[in-house]
There are 2 protein chains.
Amino acid sequence: MPAKRPAARRPTMKDIARRAGVSESAVSFALNDRPGVSEVTRDRVRRVAEQLGWRPSTAARALSGEGAATVGFVLARPAHTLGVDSFFLQLVSGIQEVLARRHLGLLFQVARNVDDECAVYRRWWAEHRVDGVLVVDPRTDDPRQDLLDELGLPAVVIGGAPDERHPGLSTVWADDAGAMASLVDALHALGHRRIVHIAGLPGFAHTERRIRALRAEAERRGLTEVQSVTTDYSDAEGAAVTRRVLRATAPATALVYDNDVMAVAGVAVAAELGFSVPADVSVVAWEDSALCRMVKPWLSALSRDSVEFGRTAATELTALLDGGPARTVRVPVPRLIERDSTGAVRTG
Amino acid sequence: MPAKRPAARRPTMKDIARRAGVSESAVSFALNDRPGVSEVTRDRVRRVAEQLGWRPSTAARALSGEGAATVGFVLARPAHTLGVDSFFLQLVSGIQEVLARRHLGLLFQVARNVDDECAVYRRWWAEHRVDGVLVVDPRTDDPRQDLLDELGLPAVVIGGAPDERHPGLSTVWADDAGAMASLVDALHALGHRRIVHIAGLPGFAHTERRIRALRAEAERRGLTEVQSVTTDYSDAEGAAVTRRVLRATAPATALVYDNDVMAVAGVAVAAELGFSVPADVSVVAWEDSALCRMVKPWLSALSRDSVEFGRTAATELTALLDGGPARTVRVPVPRLIERDSTGAVRTG
DNA sequence: GAATGATCCTAAAGCGCATTAGTGGACCAT
DNA sequence: ATGGTCCACTAATGCGCTTTAGGATCATTC
């Protein structure tokens with residue numbers, strides 16, 4: 001006979017109170033390190049709780065005003081760009097590390113677009129589900145930040161610009177402009193003058209930052225054959241753009257891809273068109289991952305510590321939840337790892 | 001002056017009751033489609049709720065016995081194998097699709113190992129956080145299933161074997177053995193006799209299933225030079241094993257990798273050692289993704305619909321939560337997509 | 001014209017916890 | 001002895017919801 005649900009009952013504070021011979025309130029005080037009980041009683045209560053395997057019911061906690069002990073994370077990208085991105089899993093991994101330490105849960109949701117994402121925030125807020133959220137892929141003119149302000153939902157924007165007029169939101173960002181500048185430096189030093197930047201989704205704040213930075217650098221140096229092309233981050237578009245660019249008369253000598261996936265797709269296309277990397281064209285990926293060492297030649301890449309990025313973001317959020325002020329923190333500038341896909345431009 | 005938290009109060013049923021001029025219980029009946037209120041009242045209450053933007057507080061719901069409206073998902077793999085795997089994001093994507101429709105939240109956590117994972121389940125259960133969980137990467141002799149049985153926590157095992165003696169758990173699985181058999185069929189027809197299977201983590205149920213299936217097929221055909229080697233799914237180990245295998249005297253003519261990442265790493269090593277794919281060695285990836293079309297030659301792969309896999313699993317879990325019986329459902333056998341990395345064995 | 005139901009609704013209790021307002025006693029000062 | 005302070009603890013309330021037990025009103029029935 002298949003044993004029916006043992007339905008082991010979860011122990012409650014009442015159980016602890018009974019076993020310890022004190023009132024429920026005493027138990028509450030004892031377990032929350034509040035004054036009002038003697039040390040001996042506190043110890044006894046703690047031991048009983050431990051022994052019973054008691055854990056506070058998040059529902060009850062949340063109901064009595066303590067918050068849900070949960071933070072939210074919404075991923076809103078076109079479905080087909082989700083698959084191959086190593087960044088997010090790493091980011092989430094770092095986030096978890098910090099949250100788990102404080103027993104905070106991570107509520108995860110994928111949405112189709114920013115509007116849906118906003119709806120999710122509204123619902124979470126109304127349902128009392130999360131105490132705060134982590135926002136990724138901030139846009140220029142982002143409706144989410146206004147919404148979060150309005151709801152008063154603590155939030156950390158990951159990858160946002162520091163010039164926010166949303167004083168309630170924390171921001172964790174990398175200096176893409178600086179990274180782009182030093183990248184152009186490096187390429188320029190190698191003799192590259194025709195540079196194409198295969199960017200990510202237009203409207204993303206960091207995409208725009210990189211594009212602007214590239215343009216500024218080009219102007220500063222008087223380079224006229226430098227441009228950015230936006231894509232949807234997919235290998236397909238990365239390949240398509242590469243094809244178009246390399247078929248031009250006087251094709252670019254350096255290609256900068258906004259992610260590793262497109263860069264890999266790009267070198268495949270280059271090879272197919274008879275371009276040798278890096279002899280004919282240099283390739284740089286803006287995101288380092290195992291992928292970059294899985295193709296030949298190994299890809300030079302701008303590397304940052306995505307796990308640490310996640311840790312930082314989560315730390316800021318917990319600070320916010322603790323009542324701290326909103327802050328803007330900058331993570332280290334991505335560093336260029338030169339591997340085999342970049343080289344001096346062919347002379348003559 | 002920076003506007004302080006507007007602290008917009010969430011509307012409660014009491015607000016609705018007041019505005020609609022009825023009691024709170026009437027509101028509850030009305031909104032939950034329970035008998036006890038007239039249609040006109042029901043409509044009025046619904047309208048007021050709508051207008052106020054009311055949503056039930058999950059905390060309150062959970063507290064009054066309705067469950068947490070949340071399911072859990074723990075990912076326990078060594079950190080470095082997390083990064084490049086496209087399978088999980090797709091799986092989660094499919095899971096979400098089903099859960100979101102019912103407004104079920106997905107609580108996500110990464111753990112270091114199975115023991116930590118068990119601890120997470122215990123905590124979630126004690127904290128009343130989830131109504132059920134989705135379990136991935138089942139092992140042979142898996143402590144999780146016993147634990148979940150013990151806790152009476154509804155669960156769906158994704159990728160488990162169908163021969164479970166855990167009648168309380170649902171299982172969603174793919175017929176790896178069948179897929180392996182047809183794969184060996186195909187390779188055998190191409191003339192391959194020396195086949196090496198670069199498998200995933202030992203102890204994983206599906207790893208063992210594939211290994212057993214390969215051995216069975218080999219025996220059935222009297223092939224003696226067929227073997228499986230386990231790895232940790234990383235590109236590094238995939239490359240290392242490939243190197244070792246191809247350096248052997250009489251190296252294998254066909255390599256079957258348990259994921260796309262290792263397969264890609266493998267072809268790179270093959271090229272490096274002077275092996276041409278597929279002329280000298282055929283390569284198949286057990287998992288199809290954009291990756292397989294990002295290298296040259298394009299990789300032949302066993303393809304399955306991971307998003308649909310996720311949908312199926314989530315559907316089973318919701319059925320379980322609705323009080324349905326535990327079931328074992330099989331998803332379609334992975335299909336071999338023949339691209340450019342497989343071919344007839346070189347004669348002579 | 002009282003008993004019987006059916007219908008629509010309200011009152012009240014309870015879920016598990018935090019928190020506020022007591023309560024009784026020990027201990028001190030007057 | 002009287003009042004005042006601490007101290008360690010208990011009682012009671014509320015969070016937002018579901019649910020059970022009733023009540024009030026009205027139509028039906030013999």
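Note on naming: letters A, B, ... go to the chains in the order of the sequence lines (proteins, then strands), and numbering restarts at 1 for each one. All values below were derived from every heavy atom in this structure, side-chain atoms included, with hydrogens, water molecules and symmetry-related copies excluded.
For the pair B:R42 and B:R34, the tightest heavy-atom approach, listed with the atom from each and the gap, is NH2-O, 2.8 Å. Counting all heavy atoms, side chain and backbone alike, B:G105 lies closest to B:L99 at O-CD1, 4.3 Å. When all heavy atoms are compared, the tightest approach of B:D142 to B:D137 is OD2-O, 4.3 Å. In this structure, B:I16 and B:A49 approach most closely via the heavy-atom pair CD1-CB, 3.6 Å. The minimum heavy-atom distance linking B:A76 with B:V114 is given by the pair CB-N, 4.5 Å. The shortest heavy-atom contact between A:A111 and A:D116 is CB-CB, 4.0 Å.
One atom, CG of A:N32, and another, P of C:dT19, lie 7 Å apart when rounded to the nearest Å.
Within residues 55-68 of chain B, the residues having any heavy atom closer than 4.0 Å to DNA chain C are, in order of number, B:L63, B:S64.
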Polar pairs (N or O, both sides) under 3.5 Å between protein and nucleotides 5-13 of chain C?
{"from": "C:dC9", "atom 1": "OP1", "to": "B:T41", "atom 2": "OG1", "distance (Å)": "2.7"}
{"from": "C:dC9", "atom 1": "OP2", "to": "B:S38", "atom 2": "N", "distance (Å)": "2.7"}
{"from": "C:dC9", "atom 1": "OP2", "to": "B:S38", "atom 2": "OG", "distance (Å)": "3.2"}
{"from": "C:dC9", "atom 1": "OP2", "to": "B:T41", "atom 2": "OG1", "distance (Å)": "3.2"}
{"from": "C:dT10", "atom 1": "OP1", "to": "B:S23", "atom 2": "N", "distance (Å)": "3.4"}
{"from": "C:dT10", "atom 1": "OP2", "to": "B:S23", "atom 2": "N", "distance (Å)": "2.7"}
{"from": "C:dT10", "atom 1": "OP2", "to": "B:S23", "atom 2": "OG", "distance (Å)": "2.7"}
{"from": "C:dA11", "atom 1": "N7", "to": "B:S25", "atom 2": "OG", "distance (Å)": "3.3"}
{"from": "C:dA11", "atom 1": "N6", "to": "B:S25", "atom 2": "OG", "distance (Å)": "3.0"}

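Note on the helix from C:dG1-D:dC30 to C:dT30-D:dA1: angle between the axes of the first and last five pairs equals 70°, rounded to 10 degrees.
Salt bridge status for A:D15 with A:R10: absent, with no side-chain N to carboxylate O gap under 4.0 Å.
Here the straight-line distance linking atom NE2 of A:H128 with atom CZ of B:R61 works out to 14.5 Å at 0.5 Å rounding.
Interface limits on DNA chain D: the 5'-most and 3'-most nucleotides within less than 4.0 Å of chain A heavy atoms are D:dA8 to D:dG16.
Nucleic acid contact for A:M13: sugar-phosphate only, since backbone atoms but no base atoms lie under 4.0 Å from a heavy atom of the residue.
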Worksheet entry | Derivation of the side chain to side chain contact (heavy atoms under 4.5 Å, CB included) call for A:L153 and A:W124 | CA-CA 10 Å; A:L153 199 56; A:W124 279 352; 5.6 Å; no
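Checking B:T318 against B:R101 by side-chain atom types alone, no donor-acceptor pair falls below 3.5 Å.
Applying the side chain to side chain donor-acceptor pair (under 3.5 Å) rule to B:E97 yields the partners B:R311; only residues at least two apart in sequence or on another chain are considered.
With a 6.0 Å radius and a threshold of 12 heavy atoms from other residues, nucleotides or ligands, B:D141 has its CG atom at or below the threshold.
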May I have the list of side-chain donor-acceptor pairs in residues 17-27 of chain A shorter than 3.5 Å, sequence neighbours left out?
{"from": "A:S23", "atom 1": "OG", "to": "A:A26", "atom 2": "N", "distance (Å)": "3.2"}

